[in-house]
S.K.: 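First the structure, which I've put down as structure tokens, then a few questions once you've had a look.
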2 protein chains.
Amino acid sequence: MTSPRPNPSAVIRGDALWSGIRDDLRARGLRWTPQRRTLVEVLSKTQGHVTGVQLVERCRAIDPETTPSTVYRTLDVLEDLGLIRHGHGADGREEFHVLPAAEHGHIYCHSCGGTWEIGHDQAASLLETLASEHRFTADLSHVTIAGRCAACLEAPPSA
Amino acid sequence: MTSPRPNPSAVIRGDALWSGIRDDLRARGLRWTPQRRTLVEVLSKTQGHVTGVQLVERCRAIDPETTPSTVYRTLDVLEDLGLIRHGHGADGREEFHVLPAAEHGHIYCHSCGGTWEIGHDQAASLLETLASEHRFTADLSHVTIAGRCAACLEAPPSA
DNA sequence: ATGTTTGCTGCAACCGCTTGCGTTAGGGCA
DNA sequence: TGCCCTAACGCAAGCGGTTGCAGCAAACAT
Ligand SMILES: [Mn+2]
Ligand SMILES: [Mn+2]
Ligand SMILES: [Zn+2]
Ligand SMILES: [Zn+2]
């Protein structure tokens with residue numbers, strides 16, 4: 001859970017993205033273990049959003065011995081390598097973005113529970129304001145904004 | 001527990017903001033209990049940000065029997081009444097904003113752990129974009145944006 | 001092959017917070 | 001003042017995720 005570092009080969013296909021990991025890890029003095037191989041296999045078959053719990057489940061389908069702490073620690077490593085990102089849902093729970101995917105944030109309606117994505121263009125003005133007024137480089141994929149959607153503002157559900 | 005009071009006007013003393021809560025609750029069919037009174041006393045002496053754990057600690061200083069679940073449930077109620085707001089830190093942990101306070105979001109540096117506040121003016125463009133493009137009314141106090149501060153971009157701490 | 005280094009694993013405990021449930025007690029009304 | 005309804009409480013278990021530690025095993029060198 002540290003720094004963003006885009007993987008140069010990330011643009012290509014999913015397979016190509018994940019196939020280089022073994023060497024990426026070794027180049028950094030890290031190790032390629034059966035447990036990591038399992039998680040990477042799961043991730044390479046995953047698109048969009050996943051929670052940590054879902055990933056543990058899917059790993060267990062391949063290797064029933066899978067331990068949560070190992071999975072979460074490996075997710076941290078993979079995020080350092082720039083292969084995944086995580087954000088937090090409205091309740092603070094982790095959600096992982098599996099690459100390749102356009103970087104995006106989320107908006108969440110407190111009333112109906114609906115969620116939508118915010119693209120770079122929609123966030124551009126905020127990111128620029130942060131850059132100029134705070135000299136801050138924001139991580140859009142870690143952004144979740146809560147509030148009320150149009151439908152709920154007009155017709156508040158029962159409350 | 002409650003003994004007759006010779007001087008009915010004595011207890012007041014709290015901020016105008018917090019003094020109406022008892023009646024606010026009753027008007028909604030909710031109840032004014034000793035546990036809620038303790039939490040409200042703590043909140044009325046609190047400014048800025050507090051975590052749930054801190055609030056439980058401070059309640060225990062007044063009433064050692066304080067139970068976490070009761071505190072968190074009461075915090076939910078008070079947020080419904082609009083007396084506090086909560087957001088999530090970069091790690092997803094809850095932080096409560098005690099009113100009166102200008103509504104604001106937070107930015108957080110993944111490298112050095114520093115945090116800063118975003119005011120309404122700095123968020124205005126984002127909020128407007130969300131309103132126009134998604135017809136979404138955002139809750140600024142629930143916003144935490146992670147990224148890197150200027151100092152860390154120029155001189156990454158050891159990484 | 002074998003040894004050595006040290007990153008990684010599994011475990012168990014823990015943290016912040018939530019939830020289901022049986023019991024207590026607030027508070028409107030007689 | 002006492003009754004009654006039900007909101008709120010305390011407890012214990014649970015959930016998502018993290019952490020310290022002792023043993024294990026990748027990786028590289030010999
Ligand atoms: Mn985070
Ligand atoms: Mn704040
Ligand atoms: Zn909605
Ligand atoms: Zn920083």
Side-chain angles (χ1 to χ4, degrees), chain A residues 1-2 21-40 49-60 62-81 84 86-96 113 142 144, chain B residues 1-4 21-40 49-60 62-81 84 86-96 113 142 144:
Chain A
M1 52 195 304
T2 14
I21 297 186
R22 183 189 144 130
D23 296 331
D24 273 9
L25 288 170
R26 288 198 179 151
R28 292 189 168 209
L30 306 178
R31 291 175 189 172
W32 181 241
T33 66
Q35 294 84 351
R36 290 184 174 176
R37 184 200 286 242
T38 301
L39 178 55
V40 164
H49 306 118
V50 228
T51 66
V53 171
Q54 288 174 318
L55 289 171
V56 171
E57 277 171 11
R58 294 179 195 181
C59 284
R60 285 200 164 132
I62 297 173
D63 171 12
E65 308 289 275
T66 300
T67 302
S69 54
T70 299
V71 172
Y72 286 107
R73 281 191 274 231
T74 300
L75 287 168
D76 284 349
V77 171
L78 296 179
E79 188 156 8
D80 275 351
L81 295 183
I84 56 175
H86 86 273
H88 298 271
D91 52 1
R93 232 163 262 174
E94 286 186 330
E95 292 189 350
F96 293 91
H142 200 277
T144 298
Chain B
M1 304 188 90
T2 33
S3 46
I21 298 186
R22 182 189 143 129
D23 296 331
D24 274 8
L25 289 170
R26 287 196 181 154
R28 293 188 171 210
L30 307 179
R31 292 174 188 172
W32 181 241
T33 66
Q35 294 84 349
R36 291 184 172 177
R37 183 200 287 240
T38 301
L39 177 55
V40 165
H49 306 120
V50 228
T51 65
V53 171
Q54 289 175 319
L55 289 171
V56 171
E57 278 171 11
R58 294 179 196 180
C59 283
R60 286 201 163 131
I62 297 173
D63 172 11
E65 307 290 274
T66 300
T67 302
S69 55
T70 299
V71 172
Y72 286 106
R73 281 192 273 231
T74 300
L75 287 169
D76 283 348
V77 171
L78 296 179
E79 189 155 9
D80 275 350
L81 295 183
I84 56 175
H86 85 273
H88 298 271
D91 53 2
R93 233 164 261 173
E94 286 186 330
E95 293 190 350
F96 294 90
H142 200 279
T144 297

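Every chain is numbered from 1, with letters handed out A, B, ... down the list of sequences.
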S.K.: Arg93(A) has a side chain; which of dA12(C), dT9(C), dG16(D) sits nearest to it?
M.R.: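 That would be dG16(D).
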
S.K.: What orientation do His86(B) and His142(B) show, parallel under 30°, tilted 30 to 60°, or perpendicular over 60°?
M.R.: perpendicular

S.K.: dT18(C) C1' sits how many Å from Leu75(B) CG, rounded?
M.R.: 13 Å

S.K.: Could you check how far CG of Asp63(B) sits from P of dG10(D), rounded to whole Å?
M.R.: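 Nearest whole value for this atom pair: 8 Å.
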
S.K.: For Arg36(B) and Arg31(B), indicate whether the former's side chain and the latter's backbone hold a donor-acceptor pair under 3.5 Å.
M.R.: yes

S.K.: If you check every side-chain atom of Gln35(B), which of dG10(D), dA8(D), dC11(C) has the closest atom?
M.R.: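 That would be dG10(D).
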
S.K.: Whole angstrom is fine here: how far is it from CZ in Arg26(B) over to C1' in dG27(C)?
M.R.: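 Checked: the CZ to C1' distance equals 7 Å.
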
S.K.: Rounding to a whole Å, what distance do you find between Trp32(A):CH2 and dC28(D):C1'?
M.R.: 19 Å

S.K.: What nucleic acid atoms does Gly29(B) come within less than 4.0 Å of, heavy atoms only: base, sugar-phosphate, or nothing?
M.R.: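 Answer is sugar-phosphate: Gly29(B) comes under 4.0 Å of backbone atoms only.
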
S.K.: Could you check how far CZ of Arg31(B) sits from P of dG26(C), rounded to whole Å?
M.R.: 9 Å

S.K.: Distance check needed: dG16(C) C1' versus Glu57(B) CD, whole Å only.
M.R.: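 Glu57(B) atom CD is separated from dG16(C) atom C1' by 12 Å.
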
S.K.: Answer with base, sugar-phosphate or nothing: what part of the nucleic acid does Ser69(B) contact at a heavy-atom distance below 4.0 Å?
M.R.: base

S.K.: Can you check whether Thr67(A) has a side-chain N or O nearer than 4.0 Å to OP1 or OP2 of dT9(C)?
M.R.: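 Negative; the distance criterion is not met.
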
S.K.: Nearest to the side chain of Glu94(B), which nucleotide is it out of dC11(D), dC17(C), dC11(C)?
M.R.: dC17(C)

S.K.: To the nearest Å, how far apart are Asp76(B) CG and dA8(D) C1'?
M.R.: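 After rounding, the reported distance stands at 13 Å.
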
S.K.: When you measure from the side chain of Thr144(A) to the backbone of His88(A), do you find a donor-acceptor pair of N or O atoms at a distance under 3.5 Å?
M.R.: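 Checked: pair present.
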
S.K.: Hey, is the side chain of Arg73(B) pairing donor to acceptor with the base of dT18(C) inside 3.5 Å?
M.R.: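 Counting by modelled atom types and ignoring angles, no donor-acceptor contact under 3.5 Å is found here.
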
S.K.: Rounded off to whole Å, could you give me the NE2-to-C1' distance for the His88(A) and dG17(D) pair?
M.R.: 11 Å

S.K.: Measuring to OP1 and OP2 of dA8(D), would you say a side-chain N or O of Arg36(B) lies under 4.0 angstrom away?
M.R.: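 Arg36(B) to dA8(D) OP1/OP2: side-chain N or O found under 4.0 Å.
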
S.K.: Does Arg28(B) reach the side chain of Leu81(B), with side-chain heavy atoms less than 4.5 Å apart?
M.R.: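 Yes, at least one pair of side-chain atoms sits under 4.5 Å.
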
S.K.: For Thr51(B) and Thr33(B), take the nucleotide of DNA chain C holding the closest heavy atom to each; which residue's nucleotide lies nearer the 5' end?
M.R.: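 Closest to the 5' end, via its nearest nucleotide, is Thr51(B).
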
S.K.: dC17(C), OP1 or OP2 - any side-chain N/O from Tyr72(B) closer than 4.0 Å?
M.R.: yes

S.K.: Of all the heavy-atom pairs spanning Tyr72(A) and Val56(A), show the shortest one and how long it is.
M.R.: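 Looks like CE1-CG2, 4.4 Å.
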
